[in-house]
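Proteins come first, then strands; the chains are lettered A, B, ... in the order of their sequence lines, and each starts at number 1.
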Amino acid sequence: MQKTLKERIKQIIERKVKEIYGQDVDVQLTPPRSEEYGDYATNLAFLLSKKLRKPPSEIASEFASALSEELRPIAEINVVSGFINLQIRMPILRELVYEIVHSHQSDYGESDVGGGRRVLVEFVSANPTGPLNVVSARAATVGDSLVRIMRKSGYNADAEYYVNDAGGQIRALGESVAWRLGERDEPPQDGYLGEYLIEIAKKLRDQGVSREDYGKAAAELILKSQLQSLERFGVKFDSVVRESEIRASGLVDEVFNRLKELGLVSKASDLPPQLASEYRDRNSLVLRTDLIDKNEKPRVLIRSNGEPTYFMVDLAYHYNKFQRGYEWVIDLWGPDHHGYIPRMRAGLKGLGLLENGRFDVMIVQQVNLIRDGKRVVMSKRKGEFFTMDQLIDAVGVDAARFFFLLRSANAHLDFDIDLARKLSSDNPVYYVQYVHARISSLMEHASEKGVSFDDAELEQLGLKEERTLMKKLLYFPDVVSNSARRMEPHLIPHYLLDLAGEFHNYYQKHRIVDTENKALSGARLLLAEAVRTVVHNGLELIGVSAPSRM
RNA sequence: GCCCCCGUAGCUCAACUGGAUAGAGCAUCGGAUUUCUAAUCCGAGGGUUGGGGGUUCGAGUCCCUCCGGGGGCGCCA
């Protein structure tokens, strides 16, 4: 894969630093705060200043002159108060526009920062006890977009769904079905009272499922409908793993024994007295998490009745992820699980999986449902929630996805139901989609007038607004790879809003199709087409459609 | 009591992980189209980045402390 311009420049600068100062520096190239400084800036001189014991401004001007020769064909260099700024030359930008349209197309935005690294992103993983709610919709949007963005950036990324189809909740689900079928008078204590179970109960009865299998069978039906809702939302999983499979595979024993061999397991009663006192079940077997992470306390793996805890099974599951060859494991969890991160990390570290592997948890913060200005407490058991399907019905997939990605995942989100309905007209997604539709229609208009970007004379592109647009197009692959590295999908919609704004501005100020000047029109059409391509590719990354007409 | 997240313009949020004069949208006010989509554009006002201290060439970003909001602290899953 071809390196992006930024990567090429970075390499040249690093080589030059090595050559002149004998230092290995990871050169950071960022867009400067203000446009007037140029297109890329580096703080290199400040970093070198300490090592070389020289003032930054001196290093900057000295290095800049050495560098400017090397970079002459690509960029112009200027130094302002210690910062080394690069202004990309027009021919390079014009060539970029040409390439986006003629050679990159849907590939534009790709990079190889991922280097083919295998990544597994697990998300949503809702309990199979009811329909998905808006929180799951948010997690689905973030997770799915992240996978798309990572793939674009050269990671070999897969999406996985984990199903907790074992344990007490499944029993409760089964008994709730029994209640709906009149096989018991009262719903169970932790029962699921939502009306969606009526339909499911009928189905199970018609299939002749026996009472002890109600829970498992209901869970499978619910899982199926969850995956259908997700697919409707544009989210597909590469794999679905069930807790019951992990339990049946012998993996739990394998991981437990490994931990034991590593000396990380002990009986609760054998712990030092100050730790032991915490454990009710003194015969349970605990993981010495405290030996791995001093802020953690030992955690029960196996109860005295021989039953593994959820943590034990989850640890086995995560062990399995690495076993399958993934080098980077990313989980999206709700905020109620954040206390769980250190113990999982400690467990994986204890197993030696983090020496070469990487484990990250992205906390997708909660969504508060607001109705009539007041917070609604969502409860799946009571059947009170706004489902993902209702959300899609109310605002559509595009508006919902864009809305969720507009803020970073670790920020709380108030989700106003009335706002959701209003969103169908107010959502900024239309601002971005409108650019795509506008350019599409522009192309039609141009072809009616007999003008095409094949007539383009690239030198005609030189307006300030044109340069600004070209620069924005140049940044796209950087934005995508940053978004992947930082696990922050929200950078994409923000970039698209920016780009859209620049285009609308340009369009308003300058006429594009002019039959009297085909060379100029062609050039502007080519630029417009490049913008359309990038908008299209960007929307694709977040699973939002790019309409030709609005 | 301990831990995590958040606090930035009236509101909702950015700020490329320590960079230059903290930016957008909404809302408010004022303007723009006989020509390519007005779901658009241009302009104006609006800030002690919750308070205080520290680290350094440089802090919204890192450290300490206090204040406020949310969440967590099962041998549930």
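To the nearest whole angstrom, the two C1' atoms, one in B/A14 and one in B/G54, are 28 Å apart. With both ends at atom P, the span from B/C66 to B/G23 equals 33 Å, rounded to whole Å. Taking atom P on both B/G72 and B/A20, the two are 38 Å apart, rounded to the nearest angstrom. Taking atom P in both B/C41 and B/G10, the straight-line distance is 24 Å, to the nearest Å. If you take atom P in B/C63 and the same atom in B/C6, they sit 11 Å apart, rounded to whole Å. For the C1' atom pair drawn from B/C16 and B/G31, the interatomic distance equals 35 Å after rounding to whole Å. Here, B/U49 and B/C3 have their C1' atoms 26 Å apart, quoted to the whole Å.
Listed candidates were B/G72, B/U40, B/A77. Nearest to the side chain of A/H504 is B/U40. Across B/C57, B/C5, B/A77, the shortest atom-to-atom separation from the side chain of A/Y310 is found for B/A77. When the nucleotides B/A39, B/C13, B/G72 are ranked by their closest atom to the side chain of A/D336, B/G72 comes out on top. Side chain of A/Y431, nearest nucleotide from B/A20, B/A39, B/C41: B/C41. Comparing B/A77, B/U40, B/C36 by their nearest atom to the side chain of A/Y340 picks out B/A77. Counting only heavy atoms from C-beta on, A/N164 has its side chain closest to B/A77 among B/A15, B/A77, B/U37. In this structure, of B/A77, B/A39, B/C41, it is B/A77 that holds the atom nearest to the side chain of A/E243. Ranking B/U17, B/C57, B/A77 by closeness to the A/R486 side chain, first place goes to B/U17. You'll find that the side chain of A/H338 is closest to B/C4, out of B/A14, B/C36, B/C4. Looking at the side chain of A/P335, the nearest of the listed nucleotides B/C36, B/A20, B/G71 is B/G71.
Within the 4.0 angstrom heavy-atom criterion, base atoms lie near A/A41. Within the 4.0 angstrom heavy-atom criterion, no nucleotide atom of any strand lies near A/Q433. As judged by a 4.0 angstrom heavy-atom cut-off over every strand, A/P32 is placed among the base-contacting residues. Nucleic acid contact class of A/R511 (heavy atoms, under 4.0 Å, all strands): base. Counting non-hydrogen atoms under 4.0 angstrom, A/E448 reaches nothing in the nucleic acid. Using a 4.0 Å heavy-atom cutoff across all strands shown, A/H510 reaches at least one base atom of the nucleic acid. The residue A/Y507 sits close to a base: some heavy atom pair falls under 4.0 Å.
Residue A/S408 has a polar side-chain atom (N or O) positioned under 4.0 Å from OP1 or OP2 of B/A14. One finds a side-chain N or O of A/R33 lying less than 4.0 angstrom from the OP1 or OP2 phosphate oxygen of B/A20. A sub-4.0 Å separation between OP1 or OP2 of B/A20 and a side-chain N or O of A/N43 is absent. Between A/R407 and B/G25 there is no side-chain polar atom (N or O) within less than 4.0 angstrom of OP1 or OP2. In this structure, A/R485 does not reach the B/C16 phosphate: none of its side-chain N or O atoms is under 4.0 Å from OP1 or OP2. In this structure, A/Y430 does not reach the B/A39 phosphate: none of its side-chain N or O atoms is under 4.0 Å from OP1 or OP2. For A/S441, a side-chain nitrogen or oxygen approaches OP1 or OP2 of B/U37 to under 4.0 Å. Look at A/H337 and you won't find any side-chain N or O under 4.0 angstrom from OP1 or OP2 of B/C5.
Nucleotide B/A15 holds its C1' atom 11 Å from the CG atom of A/D498, rounded to whole Å. Following rounding to the nearest Å, A/H490 (NE2) and B/G25 (P) show an atom-to-atom distance of 17 Å.
Salt-bridge formation is detected for the pair A/K321/A/D331: a Lys NZ or Arg NE/NH1/NH2 atom is positioned less than 4.0 Å from an Asp or Glu carboxylate oxygen. One finds no salt bridge joining A/R524 and A/D514 here, because no Lys/Arg side-chain nitrogen approaches an Asp/Glu carboxylate oxygen to under 4.0 Å. A salt bridge does not link A/E488 with A/R485: every distance from a Lys NZ or Arg NE/NH1/NH2 to an Asp or Glu carboxylate oxygen is 4.0 Å or more.
Of the possible donor and acceptor atoms, one in the side chain of A/S125 sits under 3.5 Å from a partner among the backbone N and O of A/Y162.
Pair assignment for B/G43: B/C29, on the basis of Watson-Crick or G-U wobble contacts that are both within less than 3.5 Å.
Glycosidic conformation of B/U21: anti, with the torsion beyond 90° of 0.
Across A/P489 and A/V142, no two heavy atoms sit closer than the pair CG-O, 3.8 Å.
The aromatic rings of A/F503 and A/Y507 sit tilted, their planes meeting at an angle between 30° and 60°.
Sparse packing is recorded around CD of A/Q189, with 12 or fewer heavy atoms of other residues, nucleotides or ligands lying under 6.0 Å away.
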